[in-house]
Student: 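What follows is a single structure, and I will ask about it in a moment.
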Amino acid sequence: SFISLISMAGVAIGVAVLIVVLSVMNGFEHELRSRILSLTSHATMTAFGDGLEDWPALRSRALQNPRVAAAAPFIEVETLLIADRDGGGSNAATLRGIDPSLEAGVSSLGERLTSGSIRGLQPGAFGVILGEELAHKLGVQTGDSVVVAVARGNVTPAGVLPRLRRFKVAGIFRSGMYEIDATLAVVHMVDAARLLRLGDRVSGLRLAVQDPYQAPLAVREVAAELGGGLYVEDWTQRNANFFR
């Protein structure tokens, strides 16, 4: 009986350790996934060349797919942000133009704000929401101004000059992922289009799907239904190193 008791205790301890380890790993994966997907969509479809035209019609067709829960347009470009104040810093960043009325369907940006409001992103107001780490690097707070410089310059008699525009910091967000908080700046889609002179075109569509694990299949189905010619990417590709 003593040997049986020791055997059962050993099995119980082994099973308990296994359950604890699996629970910790599953909880870590869930937390990591929720932080990443809080500001990045399940999947994106990006147009080649000068952008995606007639995006409202394409968005309506994408929503007809039963796997797709929401879709929102976006404009994205690499920029340089410069604090418009003495002693301020500068930092490279990804500038993302969004439609605030549709963004809630594909991300939880509004829930991640630590100051300001997503309502500060109004067309023509040139407001920007910065990641917490990016704002710290620039030395700015809500209400300050930053200058956005894009490589698509203006041709002048003095040569090609970078295109500049002053934006007012309308809010600061914290996702909990340093890579996002240190590199992302969000503006209204209309202001981004004016800065890049895109007219009514956008970079592409961001999708939220019913089951995040079906994102690779869903985005390819939608791209095929829209006629192809789109670069597709899902969250499992973009963050493969975290989940591999």
Side-chain angles (χ1 to χ4, degrees), residues 34-47 51-77 79 93-132 134-135 142-143 146 148 165 167-175 180-181 184-210 212 215 218-219 222-223 225-226 230 232-235:
S34 64
R35 290 189 180 193
I36 290 175
L37 295 181
S38 65
L39 291 174
T40 59
S41 57
H42 295 158
T44 60
M45 299 184 299
T46 307
L52 195 65
E53 297 181 350
D54 195 21
W55 65 265
L58 297 177
R59 175 179 176 271
S60 298
R61 290 173 58 187
L63 291 173
Q64 294 175 4
N65 188 296
R67 301 181 192 273
V68 177
F74 75 99
I75 296 174
E76 199 162 278
V77 65
T79 63
T94 299
L95 188 72
R96 180 183 297 165
I98 65 169
D99 185 337
S101 62
L102 301 176
E103 185 66 15
V106 297
S107 78
S108 55
L109 174 62
E111 301 173 9
R112 298 289 179 170
L113 291 176
T114 59
S115 66
S117 171
I118 196 171
R119 291 190 296 271
L121 300 183
Q122 297 293 332
F126 290 97
V128 61
I129 296 177
L130 303 176
E132 186 177 61
L134 180 58
T142 300
V146 296
V148 176
R165 183 75 198 195
F167 283 76
K168 183 178 180 181
V169 180
I172 295 174
F173 69 83
R174 179 174 60 231
S175 69
I180 297 176
D181 294 342
L184 183 61
V186 182
V187 301
H188 197 284
M189 189 174 66
V190 172
D191 296 339
R194 289 180 182 175
L195 178 65
L196 301 176
R197 299 179 182 174
L198 292 178
D200 294 329
R201 292 169 295 169
V202 297
S203 298
L205 294 174
R206 303 168 68 212
L207 304 179
V209 298
Q210 302 288 355
V219 68
V222 173
E225 293 166 359
L226 297 183
L230 299 168
V232 298
E233 187 180 32
D234 61 81
W235 67 275

Student: So do the side chains of Leu196 and Ile75 get within less than 4.5 Å of each other, counting heavy atoms only?
Tutor: yes
Student: State, with a plain yes or no, whether a side-chain heavy atom of Ile98 is found less than 4.5 Å away from one of Val106.
Tutor: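 No, every pair of side-chain atoms sits at 4.5 Å or beyond.
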Student: Side chains of Leu184 and Phe173: closer than 4.5 Å at any heavy-atom pair?
Tutor: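 When only atoms from C-beta onward are counted, Phe173 and Leu184 do touch, with a gap below 4.5 Å.
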Student: Shortest non-hydrogen contact from Thr142 to Ser115?
Tutor: OG1-OG, 2.7 Å
Student: For Ser175 and Arg112, work out which heavy atoms get closest and say how close.
Tutor: O-NH1, 3.7 Å
Student: Check whether any side-chain heavy atom of Pro56 sits under 4.5 Å from a side-chain heavy atom of Asp54, and report yes or no.
Tutor: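 In short, these two side chains touch, coming nearer than 4.5 Å.
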Student: Hey, what do you get for OG1 (Thr40) to CZ (Arg206), rounding to the nearest 0.5 Å?
Tutor: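 If I round to the nearest 0.5 Å, the distance is 7.5 Å.
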Student: Identify, with sequence neighbours excluded, every residue that meets salt bridge (charged side-chain N to carboxylate O under 4.0 Å, His left out) alongside Arg174.
Tutor: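 Scan of Arg174 (salt bridge (charged side-chain N to carboxylate O under 4.0 Å, His left out), adjacent residues dropped) gives Glu132.
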Student: If you round to the nearest 0.5 Å, how far is CZ of Arg59 from CG of Leu226?
Tutor: 12.5 Å
Student: Measure the shortest side-chain to side-chain distance between Phe74 and Thr46 over non-hydrogen atoms and say whether it is less than 4.5 angstrom.
Tutor: yes
Student: Using 0.5 Å steps for rounding, measure from the CG atom of Leu134 to the CD1 atom of Ile129.
Tutor: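 Taking CG in Leu134 and CD1 in Ile129, the distance rounds to 12.5 Å.
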Student: If I take atom CD from residue Glu103 and atom OG from residue Ser108, how far apart are they, to the nearest 0.5 angstrom?
Tutor: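 These two atoms lie 9.5 Å from each other.
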Student: How long is the straight-line distance from CG of Leu95 back to CG of Leu195, given to the nearest 0.5 Å?
Tutor: 7.0 Å
Student: Between atom CG of Leu230 and atom OG1 of Thr44, what is the distance when rounded to the nearest 0.5 Å?
Tutor: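 Answer for the CG-OG1 pair, Leu230 versus Thr44, is 10.0 Å.
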